Amino acid sequence: MPMRRRRQHSVDIWPGFVDALGNLLIILIFVLMVFVVAQFFLGQTLSGREEALARVTRQITEMTDLLNMEKSANADLRTSVSRLSSQLASANARIEELSENERKNAEAGQRLNDDIAALRALKDKLEREITEKDRQLADQSGRLNEQTQISEQERAQAALLREQLAALQQEMARLGDALDAAEKTNKEQQVQISDLGRQLNRALATKVAELQKYRSEFFGRLRGLLGDRSDIRIEGDRFVFQSEVLFDTGSAELNPEGQKQIAALASTLTQLAKEIPPDIDWILRVDGHTDRRPINTALFRSNWDLSAARAISVVNFLSAHGIPPQRLAAAGFGEYQPLAAGNDEPSMRKNRRIELKLDQR
């Protein structure tokens with residue numbers, strides 16, 4: 001009886017164990033399915049990333065090839081600039097030599113002119129003496145013809161006068177030859193001076209052309225950097241900013257937008273200055289212009305004061321951003337150099353401007 005009672009009171013755990021194992025198996029199958037699906041999508045993602053990585057690798061390779069080509073082009077350009085600098089240095093030395101020769105030729109020409117003047121004075125003096133001797137000889141001959149008896153002394157004097165006359169005529173001929181030779185030499189030197197002037201003009205024209213090349217490059221880079229804007233334009237050899245881009249009304253302090261534009265200009269000019277040969281004495285001139293409406297404030301008594309203050313403000317900003325001060329100049333023109341003659345607002349706005357010019361000092 002005790003054994004039967006214990007069997008009746010014991011708990012049967014086997015069905016619960018089977019249920020737990022079934023649930024655990026279902027969970028494992030679900031987790032395995034989730035893992036398989038995750039692996040599939042992860043494989044798809046990795047495959048797409050591998051393709052993107054290959055595409056980026058190809059782009060990097062192409063950019064590396066372009067960079068190598070650009071480096072090669074820059075090396076060729078630097079070689080060309082170095083060769084041009086050498087040629088310009090030789091041209092400058094030739095110009096100095098030609099200038100020295102021109103100065104020496106000018107001095108020689110002056111001395112030659114003085115000698116010619118002295119020879120002409122001597123020629124005039126000799127002509128007067130010959131005239132006087134001829135007159136004396138004529139008088140003596142007349143007296144000799146009138147006199148019936150001529151002394152030996154008078155004959156000797158007449159012979160002496162004839163000899164002196166012959167000597168004077170020979171001297172006159174020699175001076176004439178010397179004068180002709182001096183005039184010929186003077187003409188030759190004038191031709192040499194003219195040729196030296198043409199050579200000097202050609203050398204100066206070469207320098208101006210080279211500066212024009214760098215000016216065009218500067219304006220091109222600046223145009224590409226600032227973009228195609230109606231209030232920033234190129235007119236001839238000048239880069240023109242409308243005043244509203246850089247300054248507030250009646251102010252000479254650069255506004256934030258103006259500081260941004262001038263900072264971009266300073267960066268471009270700094271890069272270009274490294275390429276300009278040192279023997280080109282270039283300068284960036286900043287010109288301030290206003291409209292014709294008068295101004296009279298505590299800071300600015302006239303448009304001249306306002307235009308000059310704005311030009312100086314731009315120059316100070318450029319100097320603070322790395323442009324050498326000796327390469328900068330500021331000028332104020334007030335309202336006296338207008339681009340438009342009208343009194344309407346578009347004309348007034350066009351006349352309010354800041355002009356930049358890359359020039360030779």
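Only a predicted model underlies this, so the values are computations on that prediction, with no experimental measurement involved. All residue numbers refer to positions in the sequence shown, counting from 1.
V245 is connected to L269 through a chain of hydrophobic side-chain contacts under 4.5 Å among Ile, Leu, Val, Met, Phe, Trp and Tyr, so both are in one cluster. No continuous path of hydrophobic side-chain contacts links F333 to M348 [ILVMFWY only; heavy atoms under 4.5 Å].
With sequence neighbours excluded, the residues satisfying salt bridge (Lys or Arg N to Asp or Glu O under 4.0 Å) with E355 are R238, R353.
With hydrogens and angles ignored, the 3.5 Å screen pairs no side-chain donor or acceptor of S267 with any backbone N or O of A263. Proximity of a side-chain donor or acceptor of S307 to a complementary backbone N or O of N303 within less than 3.5 Å is detected. With S313 contributing its side chain and A309 its backbone, the two residues share no donor-acceptor pair below 3.5 Å.
In this structure, W304 and Y336 have tilted ring planes: the angle between them lies in the 30° to 60° band.
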Start with the C-alpha gap between L328 and I283, add the side-chain angles, then the distance that decides, and say whether side-chain contact (heavy atoms from CB on, under 4.5 Å) holds.
CA-CA 6 Å; L328 297 170; I283 191 170; 5.7 Å; no
Test side-chain contact (heavy atoms from CB on, under 4.5 Å) on L356 and F241; report intermediate values, then the result.
CA-CA 8 Å; L356 305 174; F241 288 85; 3.6 Å; yes
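Between F300 atom CZ and I295 atom CD1 the span is 6.5 Å, to the nearest 0.5 Å. Atom CD of E257 and atom CD1 of I262 lie 10.0 Å apart (nearest 0.5 Å). Between atom CZ of residue F239 and atom CG of residue L265 there is a gap of 7.5 Å, rounded to the nearest 0.5 Å. Atoms CG and CD1, on L284 and I323 in that order, are 7.5 Å from each other to the nearest 0.5 Å. W282 CH2 to D359 CG: the interatomic distance, rounded to the nearest 0.5 Å, is 11.5 Å. One distance of note links CD of E253 with CG of D248; it measures 9.0 Å at 0.5 Å rounding.
Between H289 and D287, some side-chain heavy-atom pair lies under the 4.5 Å cut-off. Side-chain contact between P346 and K350 is absent, with no heavy atoms from C-beta onward closer than 4.5 Å.
Heavy atoms of other residues, nucleotides or ligands lying less than 6.0 angstrom from CZ of R293 number more than 12. Heavy atoms of other residues, nucleotides or ligands lying less than 6.0 angstrom from CD of Q259 number more than 12.
The minimum heavy-atom distance linking Q261 with L246 is given by the pair CB-CD2, 4.3 Å. When all heavy atoms of R292 and N343 are compared, the pair lying nearest together is NH1-OD1, 3.1 Å. Closest of all the heavy-atom pairs between N351 and L339 is OD1-N, 2.7 Å. The two residues S347 and D344 make their nearest non-hydrogen contact at OG-OD1, 2.8 Å. A330 and V315 get closest at one heavy-atom pair: CB-CG2, 3.6 Å. Considering all non-hydrogen atoms of both residues, Q242 and R352 come closest at NE2-O, 3.0 Å.
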Less than 3.5 Å apart, which donor and acceptor atoms pair up between the side chains of residues 18-39 and the rest of the protein, not counting sequence neighbours?
{"unit_1": "N23", "atom_1": "ND2", "unit_2": "D19", "atom_2": "O", "d": "3.3"}

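Within the structure, side chain to side chain donor-acceptor pair (under 3.5 Å) pairs that include any residue of residues 316-333 comprise D281-R327 (at least two apart or interchain).
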